[in-house]
Protein chains: 2
Amino acid sequence: MDVRTLCLGILALGDASGYEIKKMVAEGSFSFFSEASYGSIYPSLTRLTEEGFVTCEFFSQDKRPDKKIYSLTEKGRLALTEELRRDPGPDKNRSEFLAALLFAEAVSPDRIQNLVEERIDEHRMKIRSLQKLLDEAMSPASHFVINYGIAMQKAALDYLEHHQASLIKKIIAAGPTE
Amino acid sequence: MDVRTLCLGILALGDASGYEIKKMVAEGSFSFFSEASYGSIYPSLTRLTEEGFVTCEFFSQDKRPDKKIYSLTEKGRLALTEELRRDPGPDKNRSEFLAALLFAEAVSPDRIQNLVEERIDEHRMKIRSLQKLLDEAMSPASHFVINYGIAMQKAALDYLEHHQASLIKKIIAAGPTE
DNA sequence: GTGTACATGTAAAGTGTTACATGATTTC
DNA sequence: GAAATCATGTAACACTTTACATGTACAC
């Protein structure tokens, strides 16, 4: 899903500024299955405005930088519906962690153990932050999606905790790293 | 992880042609956490050869197109080790499916139900194909990684199966799509 | 005969990230 | 006084996909 459609979808849930969209993607309900940087969000919003999919209202704020709040137009809503009518593509998961494990022959067992333990901590933190998000989530869909994220994080955590020891043992048994 | 490093890592597991690398990424043990197209693999291999990280041997085959088999050099192995010494970045998961669910307000309950059911089938297929891969996997690391993939697929499948009904119910209860 | 697998490669186009630029206010 | 939060935006660069180009062999 490109940033353009992502913006359209987020604006379908409520008006927002570019800054707020970035926050939702980086820390909100979207954080575990999408990504976008300012460098792609701001140009997208400009283009969406030019094309009439969103409108933009300017707000001067006291003690804060000015703000531009974007709203979805009827045309924008239609475009989104049209986009969502098509089958979603398959999930794309990229993991440098798993790649590093697979290339383990070039890595020492100590290093592997370390990587796995760090990863376990990260999963624990991620679970806590998702559980916090759950309290703020309002729609049934966002509950469902956040709980999905928690379930996945727990599954990864569980797998690592239960198989880490045997992995290290086997790597050592497979012989000293050439 | 860029395609360059991915090629380096795959070649660390054994010599291969560009075509074979593509297959490993598209269907092999790498399939659920990385991606690369011919358009990025071939240029990467050319550059890696120019820079001395890999060497290339040409094979004429009977009844088959010619083949170029690449091998990692000592310099390449060092570069890979160096790369793997650095902390792996966080996983990146992108899911059009979850995005579609979150934008559910713009989608009918029937459509959602359909999407979830299709997704359940896909998970089942993916699990089967990963289990097949398991039979061919040799190193302890690849076993570990493939089993990790299976565990994640099962967790997603399980979550969808157990929460699908309540999601649909709640969406309907939340009122007809505006 | 039609499609898939084998096999390599290029060029254009698209998409995205990173780093930069700017600047007030609040929190530690 | 340093760092984070709020807030928008551009430009250079990196990376990737898509579409094209080419051709044999085998299975159905």
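Separating the CZ atom of Arg64(A) from the P atom of dT8(D) is a distance of 12 Å, rounded to the nearest angstrom. Here dG9(C) presents its P atom at 16 Å from CZ of Arg47(B), a figure rounded to the nearest Å. For the pair Lys67(A) NZ and dT22(C) P, the computed distance is 24 Å after rounding to whole Å. What separates NZ of Lys92(B) from C1' of dG16(C) is a distance of 10 Å, to the nearest Å. Computed from coordinates, the Lys22(B) NZ to dC6(C) C1' distance equals 14 Å when rounded to whole Å. Rounded to an integer number of Å, the gap from OH of Tyr38(B) to C1' of dA7(C) is 8 Å. Across the protein-nucleic acid pair, Ile41(B) atom CD1 and dA7(C) atom P stand 14 Å apart, rounded to whole Å. Atom CG in Asp66(A) sits roughly 14 Å away from atom C1' in dT25(C) (whole-Å rounding).
Of the side-chain N and O atoms in Lys63(A), none sit less than 4.0 angstrom from OP1 or OP2 of dT25(C). Checking the phosphate oxygens (OP1, OP2) of dC6(D), a side-chain nitrogen or oxygen of Tyr19(A) falls inside 4.0 Å. Between Ser37(B) and the phosphate of dT17(D), there is a side-chain N or O to OP1/OP2 separation shorter than 4.0 Å. Contact annotation: Gln61(B) reaches the phosphate of dA7(C) (side-chain N/O to OP1 or OP2, under 4.0 Å). OP1 and OP2 of dT8(C) both lie 4.0 Å or more from every side-chain N or O belonging to Lys68(B).
Thr5(A) contributes no side-chain N or O that, together with a main-chain N or O of Met1(A), makes up a donor-acceptor pair within less than 3.5 Å.
With dT8(D), dT17(D), dG16(C) as the candidates, the nucleotide lying closest to the side chain of Glu35(B) is dT17(D). For Tyr42(A), whose side chain is taken as the heavy atoms from C-beta onward, the closest listed nucleotide among dT8(D), dA7(C), dT16(D) is dT8(D). Between dG16(C), dT16(D), dG23(C), one nucleotide has an atom nearer to the side chain of Asp2(A) than all others, and that is dG16(C).
No more than 12 heavy atoms of other residues, nucleotides or ligands shown are found within 6.0 angstrom of NZ on Lys154(A).
Taken from CG in Leu130(B) to CD1 in Ile127(B), the straight-line distance is 8.0 Å, to the nearest 0.5 Å.
Nearest approach of Phe32(A) to Val145(A), heavy atoms of both residues: CZ-O, 3.0 Å.
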